[in-house]
Amino acid sequence: MTDKASLVEDLTKKLNLKEDDIQYTAYKGEIEIQEIIALIECELSEPYTIFTYRFFLNNWPELCFLARDPSGQLVGIVISKKSIHNHLQRGYIGMIVVDKRYRRLGIGMKREKEEHIR
Ligand SMILES: CC(C)(COP(=O)(O)OP(=O)(O)OC[C@H]1O[C@@H](n2cnc3c(N)ncnc32)[C@H](O)[C@@H]1OP(=O)(O)O)[C@@H](O)C(=O)NCCC(=O)NCCS
């Protein structure tokens with residue numbers, strides 16, 4: 001087993017998680033904004049105003065993804081935007097945070113795949 005694989009195994013055991021226990025969802029709307037802000041404020045030192053959150057979330061809701069543990073608690077969030085630059089689409093990650101207890105499990109790297117996003 002590789003170091004990475006054994007690290008993930010140790011962490012998932014410690015958290016009592018099974019594979020696929022983390023649920024990924026697209027942003028549903030304003031109802032989720034307070035918990036998103038709470039997680040980001042807890043993990044990032046830079047303060048953002050509500051206008052910054054709404055700028056991203058209202059313009060590109062389809063580029064915001066949430067990760068929840070089996071109890072439904074928010075444990076990861078990515079907020080992004082896209083723009084056209086020199087005729088090319090350019091993606092930009094505004095904020096990405098994973099709860100400290102859930103890091104190094106691959107949540108931050110999870111790719112958008114239809115079967116993962118509900
Ligand atoms: C950055 C962050 C979102 C990564 O989330 P994560 O779910 O732990 O990331 P993953 O498990 O998907 O790991 C992805 C890769 O990121 C790198 N990485 C993640 N955490 C790392 C750490 N503590 N040290 C070094 N590399 C790290 C590794 O390359 C890792 O791949 P590997 O595990 O195969 O080596 C998380 O560490 C975090 O929330 N940090 C604080 C917030 C922050 O700095 N956000 C970015 C600025 S907005």
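All ligand and atom numbering here is 1-based and tracks the order in the structure.
For ligand 1, the polar-atom distance check finds an N/O of R104 within less than 3.5 Å of one of the ligand's N/O atoms. Of the polar atoms of M109, at least one N or O is found under 3.5 Å from an N or O of ligand 1, judged by distance alone. By the 3.5 Å distance cut-off applied to N or O atoms, M95 is not counted among the residues near ligand 1. Between I96 and ligand 1, an N or O atom pair is found at a separation short of 3.5 Å. Looking at ligand 1, you won't find any N or O of G94 less than 3.5 Å from one of its N or O atoms.
Classification of the F56-Y92 ring pair by plane angle, with boundaries at 30° and 60°, yields parallel.
Only one option out of D99, V98, V97, I77 pairs with I107 in a side chain to side chain contact (heavy atoms under 4.5 Å, CB included); it is V98.
Taking atom 39 (O) of ligand 1 as the reference point, the nearest protein heavy-atom neighbour is V98 N, 2.8 Å. Shortest contact from atom 41 (C) of ligand 1 to any protein heavy atom: R103 NH2, 3.4 Å. Looking only at heavy atoms of the protein, atom 42 (C) of ligand 1 is closest to L44 CD2, 3.5 Å. When hydrogens are left out, the protein atom nearest atom 33 (O) of ligand 1 is K4 NZ, 2.8 Å; that is the closest non-hydrogen contact. For atom 11 (O) of ligand 1, the closest non-hydrogen atom on the protein side is G106 N, 2.8 Å.
Looking only at distances, no side-chain donor or acceptor of R68 sits under 3.5 Å from a matching main-chain atom of V75. A distance-only check finds no donor-acceptor pair linking the side chain of Y48 to the backbone of F51 [under 3.5 Å]. E43 places no side-chain N or O within 3.5 Å of a backbone atom of L39 that could act as its donor or acceptor partner. The backbone N or O of L88 lies less than 3.5 Å from no partner atom in the side chain of N86, so there is not a single donor-acceptor pair.
Each of the atoms 11 (O) of ligand 1 lies under 4.0 Å from some heavy atom of L105. In the vicinity of G108, heavy-atom distances shorter than 4.0 Å reach the ligand 1 atoms 5 (O), 6 (P), 7 (O), 9 (O), 12 (O). Counting the atoms of ligand 1 from 1 in the order shown, those under 4.0 Å from a heavy atom of V97 are 39 (O).
For atom 2 (C) of ligand 1, no protein heavy-atom neighbour is found at a distance under 4.0 Å. Taking a distance limit of 4.0 Å, we find that atom 16 (O) of ligand 1 is approached by no protein heavy atom.
Two residues are said to be in side-chain contact when any heavy atoms from C-beta on lie closer than 4.5 Å; L63 and I79 fail this criterion. When side chains are defined from C-beta on, S80 counts as touching V78, because their heavy atoms get closer than 4.5 Å.
Taking CG of L57 as the start and OH of Y27 as the end, the distance is 4.5 Å to the nearest 0.5 Å.
Around the CD1 atom of I50, the shell of radius 6.0 Å holds more than 12 heavy atoms that belong to other residues, nucleotides or ligands.
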